[in-house]
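All figures in this text were calculated on a predicted structure; none of them were measured in a lab.
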Amino acid sequence: MSSVLEQRSAPPAAARPTAPPRRTRLLALPEARWALAALALFLLALPVHLLGGPAWLWGTLFAATYATGGWEPGWEGLKALKDRTLDVDLLMVVAALGAAAIGQLLDGALLIVIFATSGALEAVATARTADSVRGLLDLAPTTATRLLRDDAEESVATASLAVGDTVRVRPGERVGADGRVVDGASDVDQATITGEPLPVAKRPGDEVFAGTVNGTGALRVRVERDPTDSVIARIVKMVEEASSTKAPTQLFIEKVEQRYSIGMVLATLAVFAVPLALGGDLRPALLRAMTFMIVASPCAVVLSTMPPLLSAIANAGRHGVLAKSAVVMERLGRIDTVALDKTGTLTEGTPRVTDVRPLPGTDLDEDALLALAAAAERPSEHPLARAVVDAARERGLPLPDAVGFSSVPGAGVTATVRGRTVQVGSPARLSTASAEEPHHGPVADLESAGRTAVTVLRDGAVVGVLGIADRPRPDARATVAALTRLTGRAPVLLTGDNERAARHLAAEVGITDVRAGLLPEDKVAAVRGWEAEGLKVLVVGDGVNDAPALAAAHCGIAMGRAGSDLALETADAVVVRDELATVPAVVRLSRTARRLVVQNLVVAGVFVTVLVAWDLIGTLPLPLGVAGHEGSTVIVGLNGLRLLREAAWPRAVPPTPRTAVSDPL
């Protein structure tokens, strides 16, 4: 989808960066190349063999099939055997060679081809998972323009940038490193990082991220993070191990596999030796033993777990939820209690002016009061001050100059505007406590509604009150309802905010259980209390104070846009695009993946049981045994890959329309 920035001011084609392809080509995988080569050689040998062609020709082609399709699993099996581990791959190669030793060259080659194909399918699933992670790295440019002390320029690799360096970002270029604008102004398309659909205006002091696209202006950016610690790099570090981490079910299966494989070897020897001891012929005994080893091999059982979980990770990654591992993807489907943070999670995390109330008897209307407060607050860096200034700018109000600015932490600011002393700040610090004061009524009303009240004084007299609040996310109420349906329990609000503000927000989004005024250790205690009751808790947060609870929970999800470094490192998954509605969606996807794992285990168990019983009770032809066993492997592999489809992602919950009371100016 093209961004708005590209539509408004697309740079020339030569200057516009192009993203590398994000999908791994099939033939780029060695497993796929060897499997394709083995299949081609087998298809060449098959008609020659069936039509009675020269034995040297089809024999050579079959031998090449064995070599191309079997050398890699055979080598891996030998390395595992060196570590005293019996690998299923080695058993398959031995079975194929055993079939060839008794003249069943065609059957052994068929086994090699099907086994190589199933291995290629697993490699494809793993590669597709890695693609979603590698696509993030591809966004960052490889070079940047660094400024020297004499304002000269040099082109350097972005990996060589250091904290404190200053880089120039020209129109249409991608930002080379996380940093802060020190000069210039432009609109930056940062949808790839934050998911914002519109370009964001950047001025001196604003933060920019590596990989985002600059608009029409030129920027000078001071590097504030090492390239290896950029937002993109940190996210990648958290998820690139996903393809190699094993889920608990997989680990259990691998433990069973070792014992099962040893038992299978002993059973194969018994199937071979017992008929011989009873006077049977060598060839039928060996053929039955080879068939037994093939059909009893737990390949399909082993492949039942990882393809669904890896496919689910890849699908979630495409939709902005990056899970660290298959363990996380499995755990998400088992949660039965959800605890949500307030600021930055259920809310947008940005305070906005919601009410402007000039007092009766003053000569000020709403616009005049807001302009007066914004003029005094403009030099301040406090978030509430920025909210007031932003509200005035949204109304297009002209702001007079302020002189003599001073700020008192916890109280407010003082400045001279048009020759009059203006104070903006806390009602408790800047005005009297007398209940007779006319501003106490509006202050009480705003605070009871969950707003932060700010008084405005002119020459020592209160002239008005502003209400400031953090808006709930548009999809917060629908997300709470979706999580309630999924778990059967309404989510709990865990916040360090005051009780009144927390309960007001909870009422807006549909939460009844509110734990407010909590320190980080209090949040951890609440999570551990639920865990002690046998509940599996999912914690969703974004701040440093949420990190201990994220670590203590069964599973933790961090909001990526405003999430602190500590929260991002501690969480098990990250919502990169800051879309709260993806939380219930990824939980549903995890549950679908777990259902597919169970389906795969049932399919694999049925195939193994039927084929083994057929071979022991009757006479199972080797080609049919190979087709049945490897067919079950292919079935479970393809069943897991179903989660790569776009349709497998649960549709996000619809946003809840804002009410008039929570609309900003």
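In summary, of the residues considered (Asp572, Asp336, Ile557), a side-chain contact (heavy atoms from CB on, under 4.5 Å) with Leu538 occurs for Ile557 alone. The one candidate from Val583, Leu332, Thr582 that meets the side-chain contact (heavy atoms from CB on, under 4.5 Å) condition with Val321 is Thr582.
For the atom pair Asp178 CG and Leu161 CG, the distance stands at 11.0 Å (nearest 0.5 Å). Taken from CG in Leu43 to OG1 in Thr65, the straight-line distance is 8.5 Å, to the nearest 0.5 Å. To the nearest 0.5 Å, atom CD of residue Glu330 and atom CG of residue Leu309 are 6.0 Å apart. The structure places CG of Leu36 at 12.0 Å from CG of Leu29, a figure rounded to the nearest 0.5 Å. With rounding to the nearest 0.5 angstrom, the NZ atom of Lys536 is 12.0 Å from the SG atom of Cys555. Between atom CG of residue Leu61 and atom CH2 of residue Trp56 there is a gap of 8.5 Å, rounded to the nearest 0.5 Å.
The closest donor-acceptor contact from the side chain of Tyr66 to the backbone of Ile112 lies at 3.5 Å or more, if one exists at all. At least one donor-acceptor pair closer than 3.5 Å links the side chain of Ser590 to the backbone N or O of Gly333. Side chain of Glu72 to main chain of Glu31: no donor-acceptor pair is present (N/O by atom type, distance under 3.5 Å, no hydrogens or angles).
Between Gln599 and Asn639, some side-chain heavy-atom pair lies under the 4.5 Å cut-off. The shortest distance between side-chain heavy atoms of His554 and Val539 does not fall below 4.5 Å. Looking at Arg591 and Leu486, their side chains come closer than 4.5 Å, going by heavy atoms from C-beta outward. No side-chain heavy atom of Asn315 sits less than 4.5 Å from a side-chain heavy atom of Leu644. Using a 4.5 Å cut-off on side-chain heavy atoms (C-beta onward), Thr212 and Arg174 make no contact.
Minimum interatomic distance between Arg577 and Arg318 (heavy atoms only, all atoms of both residues): NH2-O, 3.0 Å. Arg642 and Leu596 get closest at one heavy-atom pair: NH1-CD2, 3.4 Å. When all heavy atoms of Ala323 and Ile313 are compared, the closest pair comes out as O-CG2, 4.3 Å. Shortest non-hydrogen contact noted between Ala581 and Thr479 is CA-OG1, 3.4 Å. The two residues Val156 and Ser160 make their nearest non-hydrogen contact at CB-OG, 3.7 Å. Nearest approach of Ala316 to Met329, heavy atoms of both residues: CB-CE, 4.3 Å.
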List the steps and the verdict of side-chain contact (heavy atoms from CB on, under 4.5 Å) for Val338 and Thr487. CA-CA 8 Å; Val338 180; Thr487 63; 4.2 Å; yes
Walk me through whether Val537 and Ile335 qualify under side-chain contact (heavy atoms from CB on, under 4.5 Å). CA-CA 6 Å; Val537 183; Ile335 61 104; over 6 Å; no
Pair Phe607, Ile635 - check side-chain contact (heavy atoms from CB on, under 4.5 Å), show working. CA-CA 11 Å; Phe607 267 83; Ile635 289 173; 4.1 Å; yes
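Ring geometry for His319 versus Trp649: interplanar angle under 30°, hence parallel rather than tilted (30 to 60°).
Within a 6.0 Å sphere centred on CH2 of Trp71, other residues, nucleotides and ligands contribute more than 12 heavy atoms.
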